[in-house]
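Below is one structure, written out as structure tokens; comments come after it.
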Amino acid sequence: MVWQVLEGLSRDSAKRLRFVPGIVYVDEGAACGRSPEDRAKTLSEARLVLEAVGFPHHEVALEEVFSLPPSVLRRPAQGPAETQAQGDYKAAVDTFLQQQLVLGAQDSLPPAPGEGQLHHPQGLPGPQSWTAAQTQALCRLFESVKTLTAREELLQTLRTHLILHVARAHGYSKVMTGESCTRLAIRLLTNLALGRGAFLAWDTGFCDERHGDVVVVRPMREHTLKEVAFYNRLFAVPSVFTPAIDTKAPEKASIHRLVEAFLLRLQAQFPSTVSTVYRTSEKLTKAPREGCASGPRCLLCMCTLDIDAADSATAFGAQSCSHLSPMQLPPLPAEAGTPPTPCCPPGPGRAQGADERQDAQAHFLEQLCYGCRVNMKELASLDPLPPYIQAEAQLRSQRAWVRREIQEFLIEDGGDGEDGQS
Amino acid sequence: MPAPPCASCGKARAALRRPRSGQALCGACFCTAFEAEVLRTVLAGRLLPPGAVVAVGASGGKDSTVLAHVLRALAPRLGLTLHLVAVDEGIGGYRDAALAAVRRQAARWELPLTIVAYADLFGGWTMDAVARSTAGSGRSRSCCTFCGVLRRRALEEGARRVGATHIVTGHNADDMAETVLMNFLRGDAARLARGGGLGSRGEGGALPRCRPLQLASQKEVVLYAHFRRLDYFSEECVYAPEAFRGHARDLLKRLEAARPSVVLDLVHSAERLALAPAARPTAPRCLLPLRAVCVQPREDLWTGSSGLPSGVTPQRWCPPTPGLSWCLCYGGAVDSDLGRTAEPAWIMIAHLAAPALGRWSRECTCPAHVGPPLPTSQILC
């Protein structure tokens with residue numbers, strides 16, 4: 001994909017692309033359990049390739065999630081770029097082209113609305129921006145998750161947050177990822193199996209704007225893996241091999257591996273399988289089924305929550321009801337850290353610490369969508385999670401508690417009349 | 001090591017662990033919990049109103065046996081009248097034994113039983129004959145598709161004969177999960193759009209259908225049948241290994257090994273799928289000429305609210321002549337997107353649904369009609 005962008009930006013291409021690219025490389029070696037020497041070697045190889053390309057590049061390590069601010073998880077309010085009408089796009093492009101012309105003379109420029117910005121055109125490797133303690137914390141986090149499926153999903157989430165943060169910090173408005181048709185078909189079926197059927201359009205569509213100001217686009221989604229492999233070979237595109245979290249894992253280890261193996265095997269028998277699945281993904285829309293547009297959003301994946309607590313004739317209802325019958329979940333609105341109030345039904349001699357942890361975990365799970373919930377249930381406790389997730393979770397649960405307290409006094413906008421207060 | 005006490009009643013020794021929650025329960029408590037969950041599904045989804053006459057699709061297999069048993073237990077509370085409807089597809093060596101099981105069940109539970117045969121409804125075509133004719137054309141894998149479509153129609157017919165207001169079938173959560181996977185793999189957006197909820201309202205005069213066992217996993221259904229000592233027929237259909245569903249079933253089994261909750265996760269995904277309006281099913285389309293399917297209409301199929309327009313008499317079609325192409329138009333609704341649904345099953349359905357929907361025209365206006373013009377008496381339009 002980088003090569004294609006390079007070609008698209010070169011002077012002699014027929015339709016020149018009009019944006020300023022930068023490259024982000026995320027080093028996930030700690031999650032995969034690699035030694036620091038291996039990681040340094042891979043990093044230097046990657047650096048060579050990236051420098052040959054010539055775009056500004058940012059190398060970040062996955063450990064830096066431990067220093068992310070909680071604002072990563074918040075969707076910023078609609079910026080002026082989104083409310084621009086269609087006609088302003090041309091004006092923005094013209095402004096941008098003018099700026100490009102004077103770029104050589106000036107140093108720092110005000111950011112152009114809606115377009116990426118060139119930032120510090122040097123790719124010098126900075127000093128290592130993570131500490132050994134963070135590496136250990138990351139290892140502990142990944143070890144506390146039991147199954148490979150949940151680990152892969154967690155890795156995906158953390159990586160997305162990290163890239164988002166880098167994009168926001170350096171003023172990029174769009175993130176391009178290089179997923180091919182085959183990978184998207186696999187991702188579609190995997191997400192189905194993980195319970196993310198409501199969000200397939202965001203996870204596998206061309207443009208994913210659930211994060212607000214930064215839009216994730218997938219320009220390579222029409223190309224199959226085979227085409228990409230041939231292209232790379234014919235045009236001698238340099239690449240670096242890094243082991244991923246599921247390299248050399250047995251086929252049955254995770255849902256991702258199973259679906260990948262299954263789909264590739266089926267493709268060998270029915271050659272149109274991948275393209276059929278891909279075409280089906282094009283038919284998906286982003287509108288929610290019932291029409292309830294703005295509900296609360298999931299803490300981790302930032303999609304509108306697809307859990308409807310009132311509707312019990314669903315798969316979610318069936319699962320939650322079978323848990324409720326033997327034990328009652330105490331409906332405590334208290335946040336983590338405060339001692340449980342006396343209205344809690346007496347459990348059979350549980351320690352107070354365990355109560356608080358379970359409450360905190362219950363509140364954390366409530367803020368997640370169905371798919372994220374199933375993954376995060378495997379965590380024994382919330383401690384290994386990076387601080388930004390914990391802080392945001394606490395903030396949201398406190399806000400929910402406050403809202404519940406004053407619910408009866410709030411007037412709903414556009415509700416059933418002036419005096420229709422519940 | 002002695003078994004732990006039942007988590008629910010605390011008195012008896014636990015005899016099983018529920019697959020979903022891992023709870024240890026005794027046999028009686030598990031059956032009660034299972035029935036309570038089915039009841040909750042029916043009530044929360046408002047599937048069967050009181051006073052409904054319910055036709056239970058009984059195949060003799062474990063799902064329909066369990067369904068009939070549970071509904072019979074819940075019938076007094078819900079105010080339902082039950083009828084068993086069994087479908088005879090004419091698969092030799094398989095269906096006869098299954099029907100024997102259904103007859104035994106009907107006798108034991110004292111429920112009225114109606115058997116509807118493909119051979120009677122569809123002019124002598126049994127599944128064996130369909131399989132033989134499709135095997136020649138190299139489409140042997142699709143005979144299960146035909147069977148599914150025809151069975152739905154046969155069930156509808158049987159339900160009408162007993163005067164039912166609702167149809168229930170015993171699909172469980174695993175079936176729904178497999179269906180979602182299969183429809184994605186085949187790119188069947190129309191079925192995906194239709195299949196999310198607990199049942200369908202019934203379009204075009206069809207009876208409303210529902211699946212009360214949809215949220216129960218297959219393992220629990222088997223456990224229930226074991227603890228209630230139900231007698232059912234447990235062999236696989238002879239054509240099943242060739243079905244496409246086998247791939248989806250295989251994938252589902254492996255996924256379940258990796259993560260046990262995947263079945264309900266898939267059902268949840270299916271419930272929340274959002275498909276673009278263009279992908280939703282449209283009006284039936286004109287069909288291409290294909291090798292003929294001989295259907296012999298019966299007088300009682302034409303009576304009722306649909307009826308025939310004046311001047312049209314039901315035709316008697318001959319068995320297919322080799323080389324003769326038939327074109328079946330349906331209301332003249334032509335779609336430019338032809339060619340995808342060129343399955344004989346759709347022909348059968350169009351023919352059978354046409355009386356119910358009352359759309360007839362004497363002239364074939366299908367531009368896709370290929371071949372010499374056919375005499376009107378040989379065209380079903």
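Proteins get letters first, then strands, A, B, ... in listed order; numbering begins at 1 in each. What you see below is based on every heavy atom in this structure, not just the backbone, and it leaves out hydrogens, waters and symmetry mates. Bear in mind the structure is a predicted one, so any value in this text is a computation, not a measurement.
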Can you tell me if [X] has over 12 outside heavy atoms packed within less than 6.0 Å of its [atom1]?
X: A:K226; atom1: NZ; value: no
X: A:R187; atom1: CZ; value: yes
X: B:R77; atom1: CZ; value: no

message: Minimum heavy-atom separation for B:H268 and A:G195, please, with both atom names.
response: CD2-O, 3.5 Å
Non-hydrogen atoms of chain B under 4.5 Å away: do they reach the side chain of [X], the backbone, both or neither?
X: A:L200; result: side chain
X: A:L189; result: side chain
X: A:R257; result: neither
X: A:A150; result: both
X: A:A201; result: neither
X: A:L266; result: side chain
X: A:E378; result: side chain
X: A:R196; result: backbone
X: A:L148; result: neither

query: Between B:H247 and A:F270, does the ring centre distance come in under 6.0 Å?
result: yes
- prompt: Does the distance from a Lys or Arg side-chain N to an Asp or Glu carboxylate O, for A:R151 and A:E143, drop under 4.0 Å?
  reply: no
field: Check ion pair B:E256-B:K219 (N to O, under 4.0 angstrom)
entry: yes
statement: The interface call for B:R254 against chain A, heavy-atom contacts under 4.5 Å, is both
field: Straight-line distance of A:L154 CG to A:T149 OG1, nearest 0.5 Å
entry: 12.5 Å
task: Pick whichever of A:L188, A:T273, A:T147 has the most heavy-atom pairs under 4.5 Å with chain B.
output: A:L188
Selection from A:V274, A:N191, A:N375 maximising heavy-atom pairs under 4.5 Å formed with chain B: A:N375
